[in-house]
2 protein chains.
Amino acid sequence: MKETRLGEFEEVILLLVGILGEEAYAFKIAEEYETQSGRATSIGATHSTLDRMEAKGFLKSEMGNATAERGGRRKRIFTITALGKRVLKESRDFRMSLWSQYPAFADKLNYLGAL
Amino acid sequence: MKETRLGEFEEVILLLVGILGEEAYAFKIAEEYETQSGRATSIGATHSTLDRMEAKGFLKSEMGNATAERGGRRKRIFTITALGKRVLKESRDFRMSLWSQYPAFADKLNYLGAL
DNA sequence: TCATTTGTTACTAAATTGTAGAGTAAATAA
DNA sequence: TTATTTACTCTACAATTTAGTAACAAATGA
């Protein structure tokens, strides 16, 4: 696998980082993944995926400050890089293109305008 | 990983089977993958992915007849099962939902109506 | 100080994806 | 009719991604 490949789990995590913004730290991301996908995940899988994507240059991270909540230790906040955005966009465009070629889905695409 | 997970490569291959219809046999699928994605793949990776998805019940296959071309041996033709379609659809819906929540992409979604 | 909560890091296991190459059958050329 | 070329399938195993689990760290509250 070349260094620019984006796995399915990676892609979803990357999108969640974008969606969560300031709140994009591992624990929250894993939680959000479960809520949105209805699928279980583990904090470990989330962490290794985040680290891998940071190494690939799709994400960057920095430690935030501790909050004054019980157990509120410092969080590592992730943000998408320009490269990460580009890769996400390419992935989306490619998929849109395939869906539009598949008769069973092509018609459904129109209804998307309603989103 | 549970038996219903769909990897990124798997998903694209599944879509290509749908797009190719009668022409959905391993060699052609791999060829089409390279054309459409601009990314290289290998026939071996394609085979193992097709086999795995058949085992999962997303695809079924049967041998076609030999064609009258030089080297035109029998092909194994793949078709998507109902389960395969459902899984594809779920994957698509999930992604659409995420994209619509990500500000950087949400606006682009509207322009999709033009597809 | 000690238990509890919210986090991270590190390590191991399982599933997906990639590589290499052998094997088969039909069409053509000699 | 034998050899060669072309179009394909299939297997074994290696590399990468994803999952699971355990151990550690810092802040709060008793």
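Each chain gets a letter, A, B and so on, in the order the sequences are listed, and its residues count up from 1. What you see is a predicted model, and the numbers here were worked out from it, not measured in a lab. Side chains included, hydrogens not; waters and symmetry mates left out as well; all remaining heavy atoms used.
- For the pair B:Glu8 CD and D:dT16 P, the computed distance is 17 Å after rounding to whole Å.
- Here B:Lys56 reaches the OP1 or OP2 of C:dT16: one of its side-chain N or O atoms lies under 4.0 Å away.
- Each of A:Thr46 and B:Ile77 was matched to the nucleotide of DNA chain D holding its nearest heavy atom; the match closer to the 5' end belongs to B:Ile77.
- Regarding B:Glu54, its CD atom lies at a distance of 13 Å from the P atom of D:dT9, rounded to whole Å.
- The CE atom of A:Met63 sits 7 Å away from the C1' atom of C:dT8 (whole-angstrom rounding).
- Within the 4.0 angstrom heavy-atom criterion, base atoms lie near B:Ser42.
- Near DNA chain C, meaning a heavy atom under 4.0 Å from it, residues 22-33 of chain A has A:Tyr25, A:Ala26, A:Phe27 in order of number.
- Atom NE2 of A:His47 and atom P of C:dA10 are 11 Å apart (whole Å).
- In this structure, A:Lys85 and B:Phe105 approach most closely via the heavy-atom pair O-CZ, 4.4 Å.
- Under the 4.5 Å side-chain criterion, counting only non-hydrogen atoms from C-beta, A:Glu10 is not in contact with A:Arg5.
- The one candidate from A:Thr46, A:Thr41, A:Val12 that meets the side-chain contact (heavy atoms from CB on, under 4.5 Å) condition with A:Ile29 is A:Thr46.
- A:Phe9 has its CZ atom 13 Å from the C1' atom of C:dA15, to the nearest Å.
- At whole-Å resolution of the value, CG in B:Leu16 and C1' in C:dT17 are 16 Å apart.
- The separation between B:Glu11 atom CD and D:dT18 atom C1' is 16 Å, rounded to whole Å.
- The closest side-chain heavy-atom distance from B:Phe94 to B:Met96 is not below 4.5 Å.
- A continuous path of ILVMFWY side-chain contacts below 4.5 Å connects B:Phe78 to B:Phe9, so both sit in one hydrophobic cluster.
- The one candidate from A:Lys28, A:Glu31, A:Glu11, A:Glu32 that meets the side-chain contact (heavy atoms from CB on, under 4.5 Å) condition with A:Leu16 is A:Glu32.
- B:Glu8 is listed as a side-chain neighbour of A:Arg95, based on a closest heavy-atom distance under 4.5 Å.
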### Message
At under 4.0 Å between heavy atoms, how does the protein contact nucleotides 22-30 of chain D? Give one character per nucleotide, 5' to 3', with B, S or -.
### Response
---BSBBS-
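- A tilted orientation is assigned to the rings of B:Trp99 and A:Trp99, their planes being inclined by 30° to 60°.
- Each of A:Arg76 and B:Gly7 lies near DNA chain C, and the nucleotide nearest A:Arg76 is the one positioned closer to the 5' end.
- Taking the side chain as every heavy atom from C-beta outward, A:Leu6 and A:Lys56 never approach each other to under 4.5 Å.
- Atom CZ in B:Arg52 sits roughly 17 Å away from atom P in C:dA14 (whole-Å rounding).
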